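All remarks here apply to the structure that follows.
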Amino acid sequence: MQGIKNTSRSKAQESSAAIERLYITMRHLLNRGFYKPMGVSGDTLREALLLLRPEIYGSIAEEKAELNGLLYVIERLPIGIEQCRFISLTSDEGYSKSHFKAIVPPKRRRNCYRIDDEQMNVEITRGRSDIYDILTHLTFIFIESHKIKDRVLIDDNGEITHDWFRLEQIVLQKKKKLTLEEREKAISHVSSVLGRTFSEVLDIYDAFGSAEMPDRFLHIIYWLGKLAIDEAMGGAKRTITFSPILRERLGHHIHGEIWANNIKTILKQNGLLERPIHIISANMHSVMNSIFAEKVLSKEFKGKPDYFIYEELSKTGNGEQRARIEEEALKNGMIFIPDTSGTNIDVQIFDTAAIDFKGTPFKNGVQGGVKPVLIVMDYAFGEQAYETIDELLKPFKEHKSKTFLDIESVSIMGKAGILEGNKGDIMIPSAHINEGTGDNYPFENELKAALLEGHGIPVYTGAMVTVLGTSLQNRDLLKFFNESTWGVIGLEMEGAYYQKAIQSASKIRRSINPDVKVRYAYYASDNPLETGSTLASGGLGTTGVKPTYLITIKILEQIFNVR
């Protein structure tokens with residue numbers, strides 16, 4: 001009998017198994033209804049995350065604190081969550097009608113409510129991916145909190161280090177802003193607490209702050225450590241709960257159905273429901289600016305190079321110019337639908353019959369025939385992409401009538417991690433692979449690399465992997481996807497879910513044209529295989545402007561039949 005070959009598992013296999021354990025464990029804890037992250041019930045999540053060592057969490061498995069990863073996570077969690085022992089994940093259960101003020105994290109659109117000194121409620125209206133995202137981030141900060149505890153708690157009697165005692169004094173004095181001398185003394189103490197150098201803490205200190213709370217970094221570190229110390233000394237353990245309403249509603253497309261029906265109702269009210277429709281998943285500025293910016297701002301930017309206008313519009317100080325473009329768009333066929341469904345996905349509808357294309361980059365398009373309608377939807381989040389597109393592609397039911405939508409194309413433009421190039425490069429997928437299951441969705445992409453080449457931006461073509469969360473990826477697993485026969489060029493969170501919904505609607509349910517055209521293109525927000533180039537290293541700045549608008553313009557040229 002031939003011996004079993006290569007019984008040792010590769011690091012990529014171990015990482016894949018760790019992600020699967022995380023996924024299964026989180027679903028189990030959701031069904032259970034509650035768990036204690038640093039107790040026995042949280043062991044599997046912590047162990048899997050420490051084994052995985054995601055690139056975005058840097059030194060999570062080392063004794064020293066991880067600063068860039070902490071900043072990335074804090075920007076995606078509500079202000080004050082580090083002070084709360086009890087975190088409750090809820091559905092939309094009416095808190096918007098209460099006296100509680102919604103807290104929205106700067107980098108993640110979700111409504112959160114501080115119930116009292118010890119409890120934070122987080123509304124989950126974007127599906128399971130939202131739960132995976134927040135539980136992974138919470139597990140990370142709880143692991144970091146115990147690193148702090150281990151460095152400052154000297155013995156079982158509660159004796160603490162001098163550095164922690166001084167940090168506590170500074171935080172509890174509740175001074176709005178420290179003087180330079182006080183701040184540098186505090187940084188000296190906190191760097192010892194974190195196992196980091198003075199300069200490392202100094203470099204990232206201001207990124208945590210805000211105008212209202214410039215020294216927030218100190219408060220975050222203190223409260224993370226304090227709750228961990230209290231737990232170690234026999235106090236109440238931090239607990240995460242899932243509301244019964246959330247568990248009951250999850251997976252039933254409640255928010256997606258409301259969202260889609262609202263769009264179709266507005267289409268009908270404006271006589272647009274039976275016109276040819278093109279759906280575009282993008283941001284709320286690139287399509288509008290691509291059509292109207294040149295016309296509105298041509299005099300101010302006369303003679304400037306291509307994309308200069310778009311780079312200027314992306315700068316924070318140019319709100320007045322952006323408002324002028326939006327005003328022009330609203331006068332010429334654009335309808336803006338702010339979200340009220342809980343999906344956090346705003347929508348723009350463009351009636352091209354009402355647009356004067358003279359003075360736009362598309363003056364040679366949209367000639368003759370029935371003029372199309374564009375539905376531009378803001379970015380979905382993970383599995384939410386399936387819920388929203390699946391509902392949008394269904395026929396519109398009103399009373400006893402049913403109207404099938406004439407969907408001509410679905411275009412997805414977004415940002416993704418790249419495995420072969422650099423930030424700002426472009427990826428054109430030929431298939432989406434669902435991480436963890438191996439489910440795969442090949443398709444004929446109407447966007448080709450040749451269309452986007454020649455503009456000074458490298459373009460890559462190949463399969464892309466749809467991941468459970470960008471915060472769960474590590475180097476070994478990504479190298480496997482890239483270097484094996486999968487030949488993956490990048491990773492994102494929605495592609496497979498979009499394509500699954502499109503294929504079921506067009507090939508099985510036949511609710512839309514079976515030959516519907518699809519377009520996918522992504523620009524690289526990070527390269528998780530390169531040290532210093534992960535999402536935790538910071539945003540793209542203006543680097544992402546040119547690829548964003550290049551992709552948008554090429555999508556619109558195809559829709560408008562520009563020759």
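Every value quoted in this text rests on a predicted model; they were computed, and no experiment measured them.
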Verdict with reasoning, Asp92 to Lys97, per salt bridge (Lys or Arg N to Asp or Glu O under 4.0 Å): CA-CA 11 Å; Asp92 180 357; Lys97 299 174 183 176; over 6 Å; no
Looking at Ser525 and Gly417, what are the two nearest heavy atoms and their distance? OG-N, 4.3 Å
Closest approach of Ser243 and Glu93, non-hydrogen atoms and distance? OG-OE2, 2.5 Å
Can you check side chain to side chain donor-acceptor pair (under 3.5 Å) on Thr265 and Asn262, steps first, answer last? CA-CA 5 Å; Thr265 300; Asn262 187 35; 5.6 Å; no
Test salt bridge (Lys or Arg N to Asp or Glu O under 4.0 Å) applied to Glu398 - qualifying residues, sequence neighbours left out: Lys268
Tell me every residue that passes salt bridge (Lys or Arg N to Asp or Glu O under 4.0 Å) with Lys500, counting only those two or more places apart in sequence or in another chain. none
Got [X] and [Y] here, is their nearest side-chain heavy-atom distance under 4.5 Å?
X: Arg275; Y: Asp351; value: yes
X: Trp259; Y: Leu392; value: yes
X: Ile555; Y: Glu446; value: no
X: Lys304; Y: Ile309; value: no
X: Ser290; Y: Thr552; value: yes
X: Phe560; Y: Thr352; value: yes
X: Phe443; Y: Pro429; value: yes
X: Asn434; Y: Asn440; value: no

Should Tyr307 and His455 be marked as a ring pair (Phe, Tyr, Trp, His ring centres under 6.0 Å) after you check the CA-CA gap, both sets of side-chain angles, and the distance that decides it? CA-CA 11 Å; Tyr307 301 100; His455 295 272; 7.1 Å; no
Is [X] salt-bridged to [Y], cutoff N-O under 4.0 Å?
X: Arg324; Y: Glu300; value: yes
X: Asp356; Y: Lys363; value: no
X: Lys448; Y: Glu444; value: yes

With a 6.0 Å cut-off on ring centres, are His432 and Tyr497 close enough? no
Would you confirm whether the ring centroid of Tyr498 sits within less than 6.0 angstrom of the ring centroid of Tyr386? no
Would you please name every residue forming a side-chain hydrogen bond (donor to acceptor under 3.5 Å, both in side chains) with [X], sequence neighbours left out?
X: Arg108; value: Asp133
X: Asn121; value: Tyr95, Gln119
X: Asn318; value: none
X: Asp378; value: Arg109

Between [Y] and [X], is there a side-chain donor-acceptor contact under 3.5 Å, judged purely by atom types and distance?
X: Ser409; Y: Arg519; value: yes
X: Ser341; Y: Thr343; value: yes
X: His99; Y: Tyr113; value: no
X: Glu420; Y: Asn482; value: yes
X: Ser91; Y: Glu123; value: no
X: Tyr549; Y: His285; value: yes

Is NZ or CZ of Arg76 both nearer than 6.0 Å to the six-membered ring centre of Tyr72 and within 45° of the ring axis? yes
May I have the step-by-step check of side chain to side chain contact (heavy atoms under 4.5 Å, CB included) for Ile56 and Val73, ending in yes or no? CA-CA 9 Å; Ile56 213 164; Val73 167; over 6 Å; no
[X] side, atom [atom1]; [Y] side, atom [atom2] - distance, nearest 0.5 Å:
X: Thr466; Y: Leu491; atom1: OG1; atom2: CG; value: 9.0 Å
X: Leu556; Y: Phe350; atom1: CG; atom2: CZ; value: 8.5 Å
X: Thr136; Y: Ile131; atom1: OG1; atom2: CD1; value: 11.0 Å
X: Leu267; Y: Ile349; atom1: CG; atom2: CD1; value: 4.0 Å
X: Asp526; Y: Ile418; atom1: CG; atom2: CD1; value: 9.5 Å
X: Leu138; Y: Leu77; atom1: CG; atom2: CG; value: 5.5 Å

Using the rule given for salt bridge (Lys or Arg N to Asp or Glu O under 4.0 Å), can you reason through Lys315 versus Glu312, listing the C-alpha separation, both sets of side-chain angles and the distance that settles it, and then say yes or no? CA-CA 6 Å; Lys315 294 177 181 176; Glu312 288 299 302; 2.8 Å; yes
Relative to each other, are the rings of Phe140 and Tyr57 parallel, tilted or perpendicular (30° and 60° limits)? parallel
Treating Asn527 as the side-chain partner and Gly421 as the backbone partner, does any N or O pair qualify as donor plus acceptor under 3.5 Å? yes
Has the side chain of Glu494 got a donor or acceptor atom that lies under 3.5 Å from a matching backbone atom of Gly382? yes
Are Leu393 and Leu405 close enough, and set up right, to give a side chain to side chain contact (heavy atoms under 4.5 Å, CB included), and what steps lead you there? CA-CA 7 Å; Leu393 298 182; Leu405 276 62; over 6 Å; no
Chi angles and distances behind the side chain to side chain contact (heavy atoms under 4.5 Å, CB included) call for Val347, Val376: CA-CA 6 Å; Val347 171; Val376 181; over 6 Å; no
Would Lys331 and Glu327 count as a salt bridge (Lys or Arg N to Asp or Glu O under 4.0 Å) if you check the C-alpha gap in whole Å, the side-chain angles of each, and the deciding distance to 0.1 Å? CA-CA 6 Å; Lys331 288 178 181 176; Glu327 184 181 356; 3.5 Å; yes
When you look at CD of Glu274, are more than 12 heavy atoms from neighbouring residues, nucleotides or ligands closer to it than 6.0 Å? no
Residues, nucleotides or ligands: over 12 heavy atoms within 6.0 Å of Lys371 NZ: yes
Side chain to side chain contact (heavy atoms under 4.5 Å, CB included) for Thr360 and Phe292? Distances and angles first, verdict last. CA-CA 6 Å; Thr360 76; Phe292 295 102; 5.7 Å; no
Could you walk me through whether Asp130 and Arg110 pass the salt bridge (Lys or Arg N to Asp or Glu O under 4.0 Å) test, one step at a time? CA-CA 9 Å; Asp130 219 6; Arg110 50 168 75 102; 2.6 Å; yes
